[in-house]
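Everything quoted here is computed from the prediction, not taken from an experiment. What you see below is based on every heavy atom in this structure, not just the backbone, and it leaves out hydrogens, waters and symmetry mates.
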Amino acid sequence: MADYFAFQWHILDDCDQRCKHCYIFAEDNNKELHTMQFEDMKKVIDNALRMCEKTNRKPYFSITGGDPILHPNFWDLLEILHEKEIDYSIMGNPFHLTDEVCKRLADLGCRQYQLSLDGLRRTHDYFRKPGSFDITLEKIKTLQDAGVRASIMTTVSSVNIDEMPRLIDVVVQNNVGLFSFARYCPTGDDNDSHVTPEEYKRLLEKVWEKYEEYKYSKTYFNLKDHLWTLFLYEKGLFKIPENLKDDVIYDGCNCGNSHMTILPTGDVFACRRMDSKVGNVLTDELFDIFTSDEMDEYRQFENFEKCSKCELLRFCRGCPAVSYGYTNDMYSADPQCWKVIA
């Protein structure tokens with residue numbers, strides 16, 4: 001079976017929330033909000049199918065926004081994806097998820113619906129809005145009763161890092177289907193939420209203990225952050241395979257490899273979390289974008305300041321977007337990587 005190529009597809013900017021760490025509204029609350037027209041959405045699907053046919057991949061869409069369910073053609077889009085048997089999941093808010101909505105999502109083949117919990121009740125509601133924590137827990141059950149796997153994603157920063165072990169208890173107690181977390185990516189001069197490499201390594205130690213405690217629970221723990229590879233390598237739980245092929249990237253950041261982001265304007269980014277525009281899906285072929293010189297900038301692995309000297313280069317590379325957020329240079333050293341390079 002062909003491997004997947006992942007498209008994170010922002011079908012609109014609009015959202016009825018203004019979360020404090022949302023990258024859409026972080027720097028300019030007066031930005032123009034865009035909504036992709038339905039005819040253009042059909043062009044995106046056809047373009048992605050052409051690309052995947054050429055690369056022997058299967059498309060996988062992560063539909064998001066804004067809050068994608070607010071798009072006037074949200075259900076029309078899901079009908080098309082279901083008809084074409086294209087796998088997809090949704091990243092959105094809990095506030096519009098009724099029993100009827102979740103049943104319809106299941107009927108249209110939605111594999112997973114990702115919600116956010118950014119700390120325990122007080123912290124999460126500080127980032128989102130009062131009552132958001134409890135509504136999110138309620139909708140986890142609503143989704144899964146309807147047959148849609150509920151996923152929880154957490155953005156880690158200095159604000160909530162100490163709450164992570166207890167948050168894992170909460171997601172397991174609520175039978176979340178999948179749990180993962182990623183690091184906060186600073187925007188502009190915002191470095192107030194910085195976590196030191198030592199603090200982050202200690203977090204991974206505590207989280208790993210929780211994962212081991214709950215490894216037979218109903219919750220699957222996705223090691224999303226690529227610094228997990230370094231962590232497991234140092235514990236002897238990840239070993240570099242023998243007889244590696246030259247110039248092959250085996251794992252780590254998918255930027256420039258098997259992922260692109262599509263915005264409501266049609267602009268294509270190598271990664272949504274940094275300034276990385278490489279083309280436009282409405283005027284360019286996605287295959288041409290993926291094989292372009294602009295995209296090659298994100299595959300110059302020898303340019304990574306620290307990673308290029310590390311034996312884990314082809315398996316880790318940390319998070320270039322987080323590096324970019326701190327230094328405006330994705331090739332700079334990952335700010336939470338604790339490995340000492342001689």
dist Asn93:CG -> Asp67:CG (nearest 0.5 Å) comes out at 4.0 Å
Minimum side-chain heavy-atom gap Asn257-Phe290 below 4.5 Å | no
Going by distance alone, is a donor N or O of one side chain under 3.5 Å from an acceptor N or O of the other, for His259 and Thr261?
-> yes
Just grab all the side chain to side chain donor-acceptor pair (under 3.5 Å) pairs involving residues 41-50, residues at least two apart or on different chains.
-> Glu39-Lys42, Arg50-Glu285
Can you find a pair of side-chain heavy atoms, one from Lys201 and one from Glu234, that are under 4.5 Å apart?
-> yes
Got more than 12 heavy atoms from elsewhere within 6.0 Å of NZ, Lys103?
-> no
Same hydrophobic cluster for Tyr88 and Ile80, using side-chain heavy-atom links shorter than 4.5 Å among ILVMFWY?
-> yes
Can you label the angle between the Phe7 ring and the Phe5 ring as parallel, tilted or perpendicular, going by 30° and 60°?
-> tilted
State, yes or no, whether a side-chain contact exists between Trp228 and Leu237 at a heavy-atom distance under 4.5 Å.
-> no
Go through the steps to decide whether Ser323 and Glu305 satisfy the test side-chain contact (heavy atoms from CB on, under 4.5 Å), and finish with yes or no.
-> CA-CA 11 Å; Ser323 299; Glu305 177 184 308; over 6 Å; no
Pick out which of Val281, Leu282, Thr35, Thr265 makes a side-chain contact (heavy atoms from CB on, under 4.5 Å) with Asp40.
-> Leu282
Might you confirm whether atom CD of Glu83 has over 12 heavy atoms from other residues, nucleotides or ligands at distances under 6.0 Å?
-> no
Are Arg104 and Asp107 ion-paired here, with the side-chain N under 4.0 Å from a carboxylate O?
-> no
Side-chain (Gln144) to main-chain (Gly177) donor-acceptor, under 3.5 angstrom | yes
Taking Asn174 for the side chain and Val176 for the main chain, is one N or O donor matched with an acceptor at less than 3.5 Å?
-> no
Is Ile69 reachable from Leu263 through a run of I, L, V, M, F, W or Y residues, each pair having side-chain heavy atoms under 4.5 Å apart?
-> no
Does NZ or CZ of Arg111 come closer than 6.0 Å to the centre of the six-membered ring of Phe61, within 45° of the ring's axis?
-> no
In short, salt bridge (Lys or Arg N to Asp or Glu O under 4.0 Å) pairs touching residues 324-338 with sequence neighbours left out are Arg183-Asp334
Identify the heavy atoms of Arg121 and Phe133 that sit nearest to each other, and give their distance.
-> CA-CG, 3.5 Å
Would you check, one step at a time, whether the test side-chain contact (heavy atoms from CB on, under 4.5 Å) holds for Thr154 with Phe179?
-> CA-CA 8 Å; Thr154 300; Phe179 175 76; 3.5 Å; yes
Side-chain heavy atoms of Phe231 within contact of Lys235, under 4.5 Å = yes
Does the side chain of His10 come within less than 4.5 Å of Phe269's, by heavy atoms?
-> no
Derivation of the side-chain contact (heavy atoms from CB on, under 4.5 Å) call for Val278 and Asp284 | CA-CA 10 Å; Val278 289; Asp284 308 315; over 6 Å; no
Got Val170 and Ile152 here, is their nearest side-chain heavy-atom distance under 4.5 Å?
-> no
Which residue pairs satisfy the salt bridge (Lys or Arg N to Asp or Glu O under 4.0 Å) criterion with at least one member in residues 309-319, sequence neighbours excluded?
-> Glu311-Lys339
Ser276 side-chain N/O to Met274 backbone N/O, donor-acceptor pair under 3.5 Å = yes
Min side-chain heavy-atom separation His71-Asp76 under 4.5 Å | no
For the pair Tyr60 and Tyr4, name the ring-plane relationship: parallel under 30°, tilted 30 to 60°, perpendicular over 60°.
-> perpendicular
Examine distances only and state if a side-chain atom of Thr291 and a backbone atom of Phe287 form a donor-acceptor pair shorter than 3.5 Å.
-> yes
Linked hydrophobic residues, Tyr216 as query - side chain contacts closer than 4.5 Å | none
Partner set under side chain to side chain contact (heavy atoms under 4.5 Å, CB included) for Pro241, not counting sequence neighbours | Leu244, Phe315
Shared hydrophobic cluster, Leu78 / Leu70 (ILVMFWY, side-chain heavy atoms < 4.5 Å) = yes
List the steps, then state whether side-chain contact (heavy atoms from CB on, under 4.5 Å) holds for Thr219 with Ile168.
-> CA-CA 10 Å; Thr219 302; Ile168 294 170; over 6 Å; no
Do the side chains of Leu115 and Leu97 get nearer than 4.5 Å, heavy atoms only?
-> yes
Can any side-chain N or O of Ser180 pair as donor or acceptor with the backbone N or O of Asn222 at less than 3.5 Å?
-> no
For Asp251, which residues count as a salt bridge (Lys or Arg N to Asp or Glu O under 4.0 Å) partner, sequence neighbours excluded?
-> none
Does a donor on one side chain and an acceptor on the other come within less than 3.5 Å for Ser116 and Arg128?
-> yes
Does CD belonging to Glu199 count more than 12 external heavy atoms closer than 6.0 Å?
-> yes
Does the Glu163 side chain pair with the main chain of Leu120, one donor and one acceptor, at a distance under 3.5 Å?
-> yes
Supply the atom-to-atom distance Ser332 OG to Tyr324 OH, rounded to the nearest 0.5 angstrom.
-> 11.0 Å
Taking atom types as modelled, is there a side-chain donor on Ser158 or Tyr184 under 3.5 Å from an acceptor on the other?
-> no
Who else is in Tyr220's hydrophobic cluster (ILVMFWY, side-chain heavy atoms under 4.5 Å, direct or via others)?
-> Leu178
Taking only residues two or more places apart in sequence or in another chain, which ones pass side chain to side chain contact (heavy atoms under 4.5 Å, CB included) with Asn303?
-> Gln300, Tyr331
Can you name the side chain to side chain contact (heavy atoms under 4.5 Å, CB included) partners of Thr142, sequence neighbours left out?
-> Asp99, Cys102, Lys139
At what distance, to the nearest 0.5 angstrom, does CZ of Phe38 lie from CD1 of Ile11?
-> 10.5 Å
Co-membership, hydrophobic cluster, residues Trp75 and Ile86, 4.5 Å side-chain = yes
Check: Ser89 main-chain N/O paired with Gln114 side-chain donor or acceptor under 3.5 Å | no
Show the atom names and distances, to 0.1 Å, of all donor-acceptor pairs under 3.5 Å that link a side chain in residues 203-213 to residues at least two apart or in another chain.
unit_1	atom_1	unit_2	atom_2	d
Lys210	NZ	Asp169	OD1	2.9
Lys210	NZ	Asp169	OD2	3.3

What distance separates Phe74 CZ from Glu79 CD, expressed to the nearest 0.5 Å?
-> 11.0 Å
Spacing of CD1 belonging to Ile240 relative to CG belonging to Leu312, to within rounding of 0.5 Å | 5.0 Å
CG (Leu12) and CG (Leu33) are apart, to the nearest 0.5 Å, by 8.5 Å
Partners passing side chain to side chain contact (heavy atoms under 4.5 Å, CB included) against His226 (at least two apart in sequence or in another chain) = Cys253, Cys316
Asp125 side chain to Gly131 backbone, donor-acceptor under 3.5 Å | yes
Just jot down the salt bridge (Lys or Arg N to Asp or Glu O under 4.0 Å) partners of Arg166, sequence neighbours excluded, or say none.
-> none
